[in-house]
2 protein chains.
Amino acid sequence: MSGRREEILDAAVAIADDRGLEAVSMRAVAERVGVTPMALYPHVGGKTGLLDAMVGRLLADLPAGKARRSLRDLAHAARKLVHRHPWAATLLFARPAISSDAVGSVDRIYLALLDSGVPEAEIPRLERMVSTFVIGFAVSETAGRFQELNPRGRRDEAAGRALPGHAALGEWLARPVDWDAEFEADLDDLEAMIQAVVRRAPGVPGTLDEPTDADP
Amino acid sequence: MSGRREEILDAAVAIADDRGLEAVSMRAVAERVGVTPMALYPHVGGKTGLLDAMVGRLLADLPAGKARRSLRDLAHAARKLVHRHPWAATLLFARPAISSDAVGSVDRIYLALLDSGVPEAEIPRLERMVSTFVIGFAVSETAGRFQELNPRGRRDEAAGRALPGHAALGEWLARPVDWDAEFEADLDDLEAMIQAVVRRAPGVPGTLDEPTDADP
DNA sequence: ACCTGAACACCGTTCAAGT
DNA sequence: ACCTGAACACCGTTCAAGT
């Protein structure tokens with residue numbers, strides 16, 4: 001409600017986009033807003049409250065509208081969001097999707113899985129599984145885990161027989177990776193996996209109203 | 001080589017295990033070693049060097065021995081490692097697997113995928129995919145993303161029709177989650193996915209020496 | 001080569017005080 | 001209700017100096 005809070009979150013997101021998450025200090029945000037650090041506390045309730053609110057603000061920008069989107073569209077949107085705001089990735093892993101905006105995007109994934117004919121009992125698990133992979137992929141790209149490796153070093157060590165797996169794959173490890181293409185291939189495999197879950201389910205896709213009551 | 005460096009890493013890991021990653025300051029580590037903060041610099045080269053070395057130390061504890069392990073065993077070992085050292089999860093996403101210990105564990109995954117008959121061309125991608133999921137799952141558990149949600153709040157909002165997906169799944173969202181069982185179910189689906197990749201590959205599993213030269 | 005001690009430019013947060 | 005200003009207990013890192 002208070003415009004001051006929005007002003008504070010705008011400033012924090014701008015600083016994080018420009019100079020990274022570690023540049024987001026209460027002092028820096030306060031200075032950008034034109035106020036004393038302590039003036040932020042009533043509005044965001046401390047540093048962790050500020051970080052939580054920043055994530056909420058980001059998720060609010062996820063694809064809105066009433067149209068149902070495919071799982072693929074949602075995955076692309078999430079990856080793009082992390083590319084635009086790399087600092088958000090760590091925070092997404094650290095907090096449950098509790099803000100109303102976050103729950104809204106989980107709901108869109110539920111709808112996509114329902115549309116695909118996935119049994120209701122499997123949907124919460126598959127939502128977590130797909131989200132975990134998508135966020136993990138995007139954070140690996142932006143945080144450095146997928147950073148280009150030095151092929152020389154790898155092959156040298158492989159030649160020393162210490163790494164038989166690397167030695168066997170030498171040729172395939174040498175070429176540079178197209179991350180866009182890899183993400184698509186991963187989504188292909190995940191979609192096929194989801195279709196396999198649908199296939200092994202009892203009943204016909206689209207008419208699954210009888211939950212299987214096997215719980216062990 | 002220098003025993004001092006080992007002593008420093010021991011102290012840093014102990015502090016992180018006890019009081020979390022943010023308690024690992026150069027000052028705190030130095031005090032535990034019984035030395036001045038500046039005395040650490042020649043051995044670890046600053047704070048980020050210290051963090052990198054801590055991750056390397058952890059991966060060195062991953063299942064060793066020459067026996068080939070299944071993908072499932074490796075996944076369990078990785079999850080257990082993150083449970084024991086939750087602070088490592090963020091760091092695993094942030095840095096490429098460059099230390100010799102890290103490369104060693106990647107090599108074990110390569111071997112497991114080769115044993116499963118996965119075409120060589122697909123192995124680096126599937127290794128990244130499976131690792132991304134496993135690390136992401138473990139960090140979600142330990143960092144809070146999978147933290148128990150308040151079902152009341154969710155159902156209330158769902159009842160307000162703002163969340164049709166949640167409303168449709170109400171019954172399934174209410175029950176508490178068995179994270180061990182969910183991890184096993186996810187691994188089942190991932191293994192089935194990998195078998196599907198093997199099945200659609202040209203040639204017989206085990207005799208794949210002709211790479212398909214289709215690159216688009 | 002390895003370590004110390006003082007200093008610099010930062011943090012998040014508390015507290016008492018102002019309006 | 002909202003904000004200020006001083007203070008406290010911290011950071012990582014530099015620098016010059018010791019042995």
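Convention: sequence-line order gives letters A, B, ...; per-chain numbering from 1.
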Short side-chain N/O contact to D:dA1 OP1/OP2 from A:His43, under 4.0 Å: no
Residue-phosphate contact under 4.0 Å: B:Arg4 side-chain N/O, C:dA1 OP1/OP2: no
Roughly, in whole Å, what's the span from [atom1] in [X] to [atom2] in [N]?
| X | N | atom1 | atom2 | value |
| --- | --- | --- | --- | --- |
| B:Glu7 | C:dC2 | CD | P | 13 Å |
| A:Tyr41 | D:dA1 | OH | C1' | 19 Å |
| A:Leu40 | C:dG12 | CG | P | 10 Å |
| B:Leu50 | D:dT13 | CG | P | 10 Å |

With a 3.5 Å cut-off and sequence neighbours excluded, list the donor-acceptor pairs that the side chains of residues 183-192 of chain B form with protein atoms.
from, atom 1, to, atom 2, distance (Å)
B:Glu184, OE1, B:Arg72, NE, 3.4
B:Glu184, OE1, B:Arg72, NH2, 3.2
B:Glu184, OE1, B:His76, NE2, 3.4
B:Glu184, OE2, B:His76, NE2, 2.5
B:Asp186, OD1, A:Arg125, NH1, 2.7
B:Asp188, OD1, B:Arg72, NH1, 3.3
B:Asp188, OD1, B:Arg72, NH2, 2.8
B:Asp189, OD1, A:Arg200, NH1, 3.2
B:Asp189, OD1, A:Arg200, NH2, 3.3
B:Asp189, OD2, A:Arg125, NH1, 3.0
B:Asp189, OD2, A:Arg125, NH2, 2.7
B:Glu191, OE1, B:Arg72, NH1, 3.1
B:Glu191, OE2, B:Arg72, NH1, 3.3

Under 4.0 Å protein heavy-atom contacts per nucleotide of nucleotides 4-11 of chain C, with B for base, S for backbone only and - for none: BB-B---B
Partner residues of [X] under the side-chain contact (heavy atoms from CB on, under 4.5 Å) criterion, sequence neighbours left out:
| X | answer |
| --- | --- |
| A:Asp115 | A:Arg68 |
| B:Val130 | B:Leu71, B:Val134, B:Ile194 |
| B:Ala23 | B:Ile15, B:Arg19 |

Where at least one partner belongs to residues 76-92 of chain A, residue pairs that pass salt bridge (charged side-chain N to carboxylate O under 4.0 Å, His left out), sequence neighbours excluded: A:Arg79-A:Glu141, A:Arg79-A:Asp180
Distance between P atoms of D:dA9 and C:dA9 (Å, rounded): 22 Å
Residue list, ring-ring contact (aromatic ring centres under 6.0 Å, His included) with B:Phe93, at least two apart or on another chain: A:Phe93
Secondary-structure string, 5' to 3', Watson-Crick or G-U under 3.5 Å, | for another-strand partners, for DNA chain C: ||.|||||...|||||.||
Contact summary for A:Tyr110 and A:Pro124, nearest pair of heavy atoms: CE2-CA, 4.2 Å
Quiz: residues 31-40 of chain A side-chain donor-acceptor pairs under 3.5 angstrom, not counting sequence neighbours:
none

